[in-house]
Amino acid sequence: MKNHLKYYFVIIPSTLILSCSDAGQKYQEVDEAKTCSMIFIDKSVSVNVNKKFVNEKYTKIISQLIDENVKAKGDKLEVYFVHENTGKGKAAEVVCKTEKGDLAGASSTDSEAISTEYGMSLEKEKSIFKKIVFAQLASQNTSSSKDNTDLWAALPLIDKAVAKGYNVKVYFLSDMVESMRAENRRDFHTNPPVDDAAAVGWAREDVVNMKPNLTNIGLAQIFIAKPFEPTASRKKNNPAISAYWQRLFLELGVAGEVTEL
C-alpha cells in the first residue's frame, strides 16, 4: 500500500487581520487532540536573530520542537512575529498531511513496509516545515513595528487555539521584554521590575483585566527561549522579568511551570 505525502503551507502577510472563531462555540472538535505548536519569534529591535549564538539556539529549538510535536496527520505549526502588532503578526501556518496506511489484515512484511513508508513521508514533511520556519526566523523586520514589543497580544491567540481543542504548546523565542508605550501597559525597557517582589505585584495587577477573557489558556504548555548567552549580566537578562511571566501565567491558570529553554 502506498502512502502519498500531502502537505500545504500558508504564508501570511503580517498586516493580515486574523479572523475570529465563533464566540458561541467554545470548543471545536479536533480529532484525537492534535498538537498545535505556536512559535512566537521576536522581531523587535532588542533581539538580533543574526547573532551566531541566537541563531544557533533558535534553529536547534525549532528543529527539536518540530521533531517532537509533528507526529501525525492534523498536527500543525503556527508562526507569529512579535513586535508592535503581534496580534496581526501571523506569518505562517503548516499542517501535517502524512497519513499512515491501513494495517488491518496486512502481513508482517506489508505492515513493516507501510510503517517504513509512513516514517519516511513524515520525515520529509518535517524537513519541509523546518525550512519554512527557518525562513521566518531569518526574515528581517524593517518597519517601525520593531520599536515596540506587544507580548500581551499573544495571550488571546493562545487562548483561541486551546478553545479549538488542540494540545497547545507555545514557544516564545524572545527576550520577553514587554514594551508598549500606552496607558495601562508595561514598558520594561524604560521601567523594568527591580526585583521579584515588584514583578509578582505587577503580574497580579495586570492579570485582573486579562483573566476574564482568557478562560482556556490554562491548558497550554509554555516554553520561553531567551536570546542571552549564559554569561549575560543580570542587567541584560533581568531575572525579575522571568519572575513576571512565571507569575502572570500562574495567575492565568497555567498548571505547568513555564519552562525556559
Side-chain angles (χ1 to χ4, degrees), residues 1-13 16 18-19 21 25 27-41 49 54-81 89-139 157-158 160-173 216 219-225 256 259 261:
M1 298 176 70
K2 289 191 174 181
N3 172 39
H4 296 288
L5 174 66
K6 299 178 182 178
Y7 64 89
Y8 74 83
F9 65 90
V10 181
I11 304 298
I12 304 174
L16 182 64
L18 302 182
S19 61
S21 59
Q25 184 177 2
Y27 290 98
Q28 299 176 8
E29 290 292 330
V30 176
D31 184 36
E32 297 179 2
K34 298 304 181 185
T35 298
C36 175
S37 303
M38 305 179 74
I39 308 170
F40 291 89
I41 304 176
V49 297
V54 179
N55 188 269
E56 289 180 353
K57 178 177 181 177
Y58 285 174
T59 296
K60 182 179 180 180
I61 288 171
I62 290 168
S63 183
Q64 288 180 337
L65 76 87
I66 290 174
D67 285 338
E68 292 173 3
N69 299 339
V70 179
K71 297 180 178 179
K73 181 181 178 181
D75 290 337
K76 72 173 180 176
L77 306 171
E78 294 180 349
V79 180
Y80 295 85
F81 290 160
K90 192 172 187 180
E93 179 178 317
V94 290
V95 180
C96 180
K97 292 296 181 181
T98 299
E99 190 169 9
K100 194 170 187 178
D102 187 5
L103 296 176
S107 67
S108 59
T109 301
D110 287 343
S111 294
E112 184 177 353
I114 291 169
S115 296
T116 299
E117 185 174 5
Y118 171 73
M120 291 175 63
S121 296
L122 188 60
E123 288 305 312
K124 183 177 180 181
E125 195 165 17
K126 287 181 181 181
S127 179
I128 293 169
F129 289 1
K130 289 176 186 179
K131 289 179 181 178
I132 293 168
V133 182
F134 291 158
Q136 300 308 312
L137 177 67
S139 67
L157 302 175
I158 298 167
K160 288 177 184 178
V162 176
K164 292 177 181 178
Y166 283 99
N167 172 27
V168 177
K169 296 184 178 182
V170 183
Y171 299 83
F172 287 99
L173 310 187
N216 307 293
L219 295 176
Q221 297 179 59
I222 310 295
F223 302 87
I224 295 174
T259 302
L261 303 174

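Counting begins at 1 with the first residue of the sequence. Being a predicted model, the structure only gives us computed values, none of them experimental.
Taking each heavy atom of L65 and I39 in turn, the nearest pair found is CD1-CD1, 3.9 Å. Summarising the geometry of Y118 relative to K71, their closest heavy-atom pair is OH-O, 2.8 Å, with the distance given to 0.1 Å. Heavy atoms only, all atoms of each residue included: V79 and Q136 are closest at CG1-CB, 4.1 Å. When all heavy atoms of V95 and K76 are compared, the closest pair comes out as CG2-CB, 3.8 Å. The heavy-atom pair separating L157 from M38 by the smallest distance is O-CE, 3.5 Å. Summarising the geometry of I66 relative to K126, their closest heavy-atom pair is O-CE, 3.9 Å, with the distance given to 0.1 Å.
Considering only heavy atoms from C-beta on, K130 stays 4.5 Å or farther from T59 through its side chain. At least one side-chain heavy atom of K169 sits under 4.5 Å from a side-chain heavy atom of N69. Considering only heavy atoms from C-beta on, L122 comes within 4.5 Å of C96 through its side chain.
Within the model, atoms CG of L173 and CG of L137 stand 7.0 Å from one another, a figure rounded to the nearest 0.5 Å. Taking CG from L219 and CD1 from I158, the interatomic distance works out to 12.5 Å, rounded to the nearest 0.5 Å. For the atom pair NZ (K34) and CG (N167), the distance works out to 11.0 Å, reported to the nearest 0.5 Å. Residue I62 holds its CD1 atom at 14.0 Å from CZ of F129, rounded to the nearest 0.5 Å. Residue D75 holds its CG atom at 9.5 Å from SG of C36, rounded to the nearest 0.5 Å.
Remark: side-chain polar atoms of K57 are paired, donor with acceptor, to backbone N or O of L261 under 3.5 angstrom. S127 places no side-chain N or O within 3.5 Å of a backbone atom of E123 that could act as its donor or acceptor partner.
Partner of F40 under the ring pair (Phe, Tyr, Trp, His ring centres under 6.0 Å) criterion, chosen from F81, Y171, Y80: Y80.
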From CA spacing to verdict: salt bridge (Lys or Arg N to Asp or Glu O under 4.0 Å), K90, E78: CA-CA 7 Å; K90 192 172 187 180; E78 294 180 349; 3.7 Å; yes
